[in-house]
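These notes concern the structure reproduced below.
Protein chains get the first letters and strands the later ones, always in sequence-line order, with residue 1 at the start of each.
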Number of protein chains: 2
Amino acid sequence: MLSKSCVYALRAIVYIGHNCSDTKKIGIKEIGEELELPFHFLSKILQRLVKHHIIQSTKGPHGGFYISEEAKQVNILRIIDIIDGLSFFEKCGLGLKECSETHPCPLHNDFKVFRDGLYHLFLKKTIADLVIKIEDGNAFISNLPQNK
Amino acid sequence: MLSKSCVYALRAIVYIGHNCSDTKKIGIKEIGEELELPFHFLSKILQRLVKHHIIQSTKGPHGGFYISEEAKQVNILRIIDIIDGLSFFEKCGLGLKECSETHPCPLHNDFKVFRDGLYHLFLKKTIADLVIKIEDGNAFISNLPQNK
DNA sequence: TAATAAAAAGACCTAAATATCTTTTATTAT
DNA sequence: ATAATAAAAGATATTTAGGTCTTTTTATTA
């Protein structure tokens with residue numbers, strides 16, 4: 001449902017949110033190593049997030065990525081929109097163009113419940129919410145990414 | 001979430017279920033035209049469904065695909081398993097390998113609700129359920145597939 | 001039994017997602 | 001100023017999903 005790019009983006013943001021401070025910025029190298037994500041691919045993703053002002057960066061020695069407290073209030077759906085777009089949440093489960101409330105496909109009503117539920121979940125969850133979770137001890141790093 | 005192959009499979013099965021009878025089998029050509037699906041691609045998909053005994057086929061003049069009343073009782077999840085596999089329903093939302101009940105990722109509990117809900121929806125819905133829906137007038141054909 | 005119709009099978013092609021490599025630009029410290 | 005460091009940018013490679021084309025096999029019917 002979420003692309004790898006999108007999942008990598010979320011994990012990287014949370015890592016930055018958890019580890020950066022006024023004095024400490026986080027390099028791609030560190031993120032890539034800790035989260036076991038491919039360096040260059042990750043760097044493209046972070047670039048996009050910088051362009052959309054989700055995170056900030058500075059070049060040069062002691063440069064790296066960081067995120068403001070304000071930006072941590074951004075919701076997950078916003079990140080999904082930037083990386084993948086929101087078509088998943090708008091699309092018919094059977095791929096029918098004209099499936100709608102008034103002209104539903106056979107799965108429409110049942111499918112809608114979950115699709116809309118996910119939408120609202122991602123809408124209400126912020127980056128800060130995820131950062132707090134890992135600070136409370138939830139799994140995050142020292143987890144290899146799933147293969148397949 | 002579901003691949004195009006999988007969605008094409010579901011639509012084709014429902015079309016066959018709705019249109020075939022003891023005397024009438026349905027050709028790929030007809031299915032492809034009615035549902036606006038690519039002929040050869042569809043044929044690969046139908047082959048797989050035949051191999052897994054979801055539908056049957058005969059070659060030669062007046063040959064085509066058909067489905068037994070018994071096979072219509074197969075649930076949607078089975079089709080998803082054959083075409084895409086069930087990894088979506090087993091995977092962590094953030095792609096973490098070791099995310100689990102006892103060692104959850106920050107999204108685990110919230111995400112699980114919807115992932116499991118979808119699982120049970122697809123588990124309880126049968127092909128026959130979808131066929132009945134379209135016989136009751138739900139959207140199905142004369143709908144171009146969504147592009148994107 | 002030959003012609004025809006249909007699916008099956010195999011080879012191949014294309015586009016998008018994912019991943020890597022190289023060069024450039026900006027920043028900092030010496 | 002210069003060297004070193006780190007992100008930005010651009011080009012290229014790989015993999016996978018999606019799609020097409022051609023040949024073969026099987027069944028029917030004239």
Contact class for [X] (heavy atom, under 4.0 Å): base, sugar-phosphate, or nothing?
X	value
B:K25	nothing
A:F65	sugar-phosphate
B:H62	sugar-phosphate
A:S43	nothing
A:I28	sugar-phosphate

Which whole-number value in Å describes the distance from [X] [atom1] to [N] [atom2]?
X	N	atom1	atom2	answer
B:F41	C:dC12	CZ	C1'	15 Å
A:H40	D:dG10	NE2	P	16 Å
A:K59	C:dA26	NZ	C1'	5 Å
B:I26	C:dA5	CD1	P	19 Å
A:R48	D:dG10	CZ	P	15 Å
B:E33	C:dA6	CD	P	12 Å
A:I45	D:dA7	CD1	C1'	15 Å
B:Q56	C:dA6	CD	C1'	17 Å

(request) Looking only at side-chain atoms of A:V50, point me to the closest of C:dT18, D:dA8, C:dA8. (result)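 That would be D:dA8.
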
Any [X] side-chain nitrogen or oxygen under 4.0 Å from OP1 or OP2 of [N]:
X	N	answer
B:Q47	C:dA7	no
A:Y8	C:dA19	yes
A:T58	C:dA26	no
A:K51	D:dA9	yes
A:S57	D:dA8	yes

(request) Give the ring-plane orientation class for B:F122 versus A:F111, where under 30° counts as parallel, over 60° as perpendicular and anything between as tilted. (result)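 Aromatic pair B:F122/A:F111 classed tilted.
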
(message) Any non-hydrogen side-chain atom of B:F65 less than 4.5 Å from a side-chain atom of B:V50?
(response)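 In contact.
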
(message) Between A:L118 and A:M1, is there a side-chain heavy-atom distance shorter than 4.5 Å?
(response)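 Touching, per the 4.5 Å side-chain cut-off.
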
(message) Counting only heavy atoms from other residues, nucleotides and ligands, does the tally under 6.0 Å from NZ of B:K29 exceed 12?
(response)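 Incorrect, the count does not exceed 12.
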
(message) Could you check whether any side-chain N or O of B:D81 sits under 3.5 Å from a backbone N or O of B:R78, counting only pairs where one atom can act as donor and the other as acceptor?
(response)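 No, B:D81 side chain to B:R78 backbone: no donor-acceptor pair under 3.5 Å.
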
(request) Look at the side chain of B:N138 and the backbone N and O of A:C105, then say whether any donor-acceptor pair between them is shorter than 3.5 Å. (result)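 Such a contact is found between B:N138 side chain and A:C105 backbone.
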
(request) Kindly indicate whether the side chain of B:K44 and the base of D:dG18 share any N or O donor-acceptor pair separated by less than 3.5 Å? (result)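 No, the side chain and the base share no sub-3.5 Å donor-acceptor pair.
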
(message) I'd like to know if A:K4 reaches the base of C:dT18 with its side chain such that a donor and an acceptor end up less than 3.5 angstrom apart.
(response)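 For A:K4, whose side chain was compared with the base of C:dT18, there is no donor-acceptor pair (under 3.5 Å).
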
(request) Scan every strand shown for a Watson-Crick or G-U wobble partner of D:dT29, both distances under 3.5 Å, and answer none if you come up empty. (result)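 With both distances under 3.5 Å, D:dT29 matches C:dA2.
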
